Amino acid sequence: MVQHAPSLALAAGLVAGPQLRNMGTLGGNVCLDTRCTYYNQSRFWRKALGYCLKKDGTVCHVTKVGKKCVAAHSADTPPVLMTLGARLVLQGTDGRQETAVDEFFVSDGIWNTRRRRDQILTEIRIPVSNGARRSAYKKLRQRNAIDFPLLSVAVSAELSGDGRVSTIQGVVSALGSRPKVLTGWEEIAAGNPLDQGVITALAERAETQCRPLENIIVDPEWRRAMVPVYVERALQDLVRN
Ligand SMILES: Cc1cc2nc3c(=O)[nH]c(=O)nc-3n(C[C@H](O)[C@H](O)[C@H](O)COP(=O)(O)OP(=O)(O)OC[C@H]3O[C@@H](n4cnc5c(N)ncnc54)[C@H](O)[C@@H]3O)c2cc1C
Ligand code: SF4
């Protein structure tokens, strides 16, 4: 994995802490539930607040007025799998179904995937690179030893022999209920060398597309300010990789 998909090896190595990584699976990480400040609490705490849309309640304490749960997608490996063009094989009572990781997640924090409850994930298929693909992953968290991401950034690109960008993808996560594919990157970078000017333009473009919410107990404005910083660092790693 380190040779063919270094960003995936890195992201998997940043999941939780050593004990959890020793027992956990990639499939379990892809199917991990969403998280929220108002949900990952004791029943007593949640009851005192009148519960919420994700379970037993009728309001969302994050959006106040919204009718949809916006709990944060918090798994490290899916954004990376998206940038690598990975596909998932699901096995259910009615047979086998294959889907791109890109299309697997939906923006509903109550159940944020297209996986039916009778289906289990049995295979993750990652296209092998022809050698031109580079990838990187950056994760912002409170304690490097164990925490879920407050923000995560996965990037991948194919560079031609002279270092010009042929294709490029970026995915940001831990903001809303599904990882967010960054748009407009090819227009900025394709055909150009991935120099500091292009990297800054991509980071600025990413910031305009990200709106962190109060679903994580860290100031959303600060998390938003970290978007261009982490996108830039991920792209710099990609160039070095
Ligand atoms: C303290 C703590 C910190 C953590 N920090 C992080 C973190 O920083 N980053 C991160 O990404 N994760 C984090 N996690 C989550 C967790 O460690 C990982 O998601 C884990 O690697 C997956 O473990 P697992 O394979 O045992 O799946 P489980 O935890 O057993 O399963 C996760 C969910 O997926 C379902 N599931 C599991 N396998 C399949 C399958 N094959 N098909 C269908 N559904 C399936 C389960 O029913 C469950 O709903 C943390 C967890 C804890 C407790
Ligand atoms: S986002 Fe809203 S509905 Fe979802 S878990 Fe948090 S408070 Fe509950």
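First listed ligand is number 1; within each ligand, the first listed atom is number 1. In this text, all values refer to a predicted model and were calculated from it rather than measured experimentally.
- The protein heavy-atom contact nearest to atom 7 (S) of ligand 2 is H61 N, 3.5 Å.
- R240 CZ: more than 12 foreign heavy atoms inside a 6.0 Å radius.
- Set against the non-hydrogen atoms of R115, the atoms of ligand 1 under 4.0 Å away are 43 (C), 44 (N).
- Using a 4.0 Å threshold on non-hydrogen atoms, atom 12 (N) of ligand 1 counts as touching the protein.
- Proximity of atom 15 (C) of ligand 1 to the protein is indicated by at least one non-hydrogen atom lying closer than 4.0 angstrom.
- Using a 4.5 Å cut-off on side-chain heavy atoms (C-beta onward), E123 and E98 make no contact.
- Using the six-membered ring where Trp is involved, Y38 and W45 have ring planes that are tilted, between 30° and 60° apart.
- Scanning L53, I216, D108 for the heavy atom closest to atom 3 (S) of ligand 2 points to L53.
- Of the protein's non-hydrogen atoms, C31 O, 3.6 Å is the one closest to atom 33 (C) of ligand 1.
- The two residues C210 and R224 have their closest heavy-atom pair at O-NE, 3.0 Å.
- In this structure, the protein non-hydrogen atom closest to atom 1 (C) of ligand 1 is L20 CD1, 3.9 Å.
- Two residues are said to be in side-chain contact when any heavy atoms from C-beta on lie closer than 4.5 Å; P228 and E204 fail this criterion.
- In this structure, atom 50 (C) of ligand 1 lies nearest to the protein heavy atom F148 CZ, 3.1 Å.
- For the pair L90/F104, a side-chain contact is recorded, criterion being any heavy-atom separation below 4.5 Å from C-beta on.
- Using a 4.0 Å cut-off to heavy atoms of K54, the atoms of ligand 2 that qualify are 3 (S), 5 (S).
- Taking each heavy atom of D102 and R178 in turn, the nearest pair found is O-NH2, 3.3 Å.
- Of all the heavy atoms of C69, the ones lying under 4.0 Å from any atom of ligand 2 are found in both the backbone and the side chain.
- In this structure, of S173, A75, P79, G28, the residue bringing a heavy atom nearest to atom 32 (C) of ligand 1 is G28.
- Nearest protein neighbour of atom 18 (C) of ligand 1, counting heavy atoms only, is N29 ND2, 3.5 Å.
- Ligand 2 is never approached by N215 to a heavy-atom distance shorter than 4.0 Å.
- Looking at K139 against ligand 1, only its side chain comes within 4.0 Å, counting heavy atoms.
- For the pair R35 and F148, the cation-pi test (distance below 6.0 Å, angle within 45°) is passed.
- When hydrogens are left out, the protein atom nearest atom 2 (Fe) of ligand 2 is C60 SG, 2.4 Å; that is the closest non-hydrogen contact.
- For atom 41 (N) of ligand 1, the candidate residues are I146, L121, I124; the nearest heavy-atom contact is made by L121.
- Between K68 and D108, no side-chain nitrogen of the basic residue sits less than 4.0 Å from a carboxylate oxygen of the acidic one, so the salt-bridge criterion is not met.
- Both V171 and L88 belong to a common hydrophobic cluster when Ile, Leu, Val, Met, Phe, Trp and Tyr are linked at side-chain heavy-atom distances under 4.5 angstrom.
- Nearest to atom 6 (C) of ligand 1 by heavy-atom distance, out of S152, G17, A16, A12, is A16.
- With a heavy-atom cut-off of 4.0 Å, R21 does not touch ligand 1 at all.
- In terms of protein heavy-atom proximity, atom 8 (Fe) of ligand 2 is nearest to C52 SG, 2.3 Å.
- Within the listing of ligand 2, atoms 1 (S), 4 (Fe) sit less than 4.0 angstrom from a heavy atom of A71.
- Contact of the R46 side chain with the K55 side chain is registered, since non-hydrogen atoms from C-beta on lie closer than 4.5 Å.
- Using a 4.0 Å threshold on non-hydrogen atoms, atom 23 (O) of ligand 1 counts as touching the protein.
- For ligand 1, the atoms sitting less than 4.0 Å from at least one non-hydrogen atom of I120 are 42 (N), 43 (C), numbered in the order shown with element in parentheses.
- You'll find the side chain of I199 reaches within 4.5 Å of the side chain of L194, heavy atoms only.
- In terms of protein heavy atoms, atom 6 (Fe) of ligand 2 is closest to C36 SG, 2.3 Å.
- Atom 8 (O) of ligand 1 lies below 4.0 Å from at least one non-hydrogen atom of the protein.
- Side-chain contact between P149 and D76: present, with at least one pair of heavy atoms (C-beta onward) separated by less than 4.5 Å.
- Counting heavy atoms of neighbouring residues, nucleotides and ligands inside a 6.0 Å radius, atom CG of L49 exceeds 12 of them.
- Judged by a 6.0 Å distance limit and a 45° cone about the ring axis, K54 is positioned over the six-membered ring of Y39.
- Less than 4.0 angstrom separates atom 38 (N) of ligand 1 from at least one non-hydrogen atom of the protein.
- Which parts of ligand 1 touch D76 is read off a 4.0 Å heavy-atom cut-off, strictly below it: atoms 7 (C), 8 (O), 9 (N), 10 (C), 11 (O).
- Residues P6 and S135 form a side-chain contact, since some pair of their non-hydrogen atoms from C-beta on lies under 4.5 Å apart.
- Residue-to-ligand polar distances keep R141 apart from ligand 1: every N/O pair is separated by 3.5 Å or more.
- At a cut-off of 3.5 Å, with distance as the only test, a side-chain donor of Q209 or T183 sits close to an acceptor on the other residue.
- The atoms of ligand 2 that sit less than 4.0 Å from any heavy atom of Y38 are 7 (S).
- Within the 4.5 Å cutoff, no side-chain heavy atoms of E158 are placed close to those of I168.
- Close contacts of ligand 2 with Y39, meaning ligand atoms under 4.0 Å from a residue heavy atom, involve 5 (S).
- Using a non-hydrogen distance threshold of 4.0 Å, G109 does not register as a contact of ligand 2.
- Residue D147 has at least one nitrogen or oxygen atom sitting less than 3.5 Å from a nitrogen or oxygen atom of ligand 1, judged on distance alone.
- Protein heavy atoms are absent from the space less than 4.0 angstrom from atom 46 (C) of ligand 1.
- Judged by the 6.0 Å and 45° rule, R116 forms no cation-pi pair with W111.
- The nearest heavy-atom contact from the protein to atom 26 (O) of ligand 1 is G24 CA, 3.9 Å.
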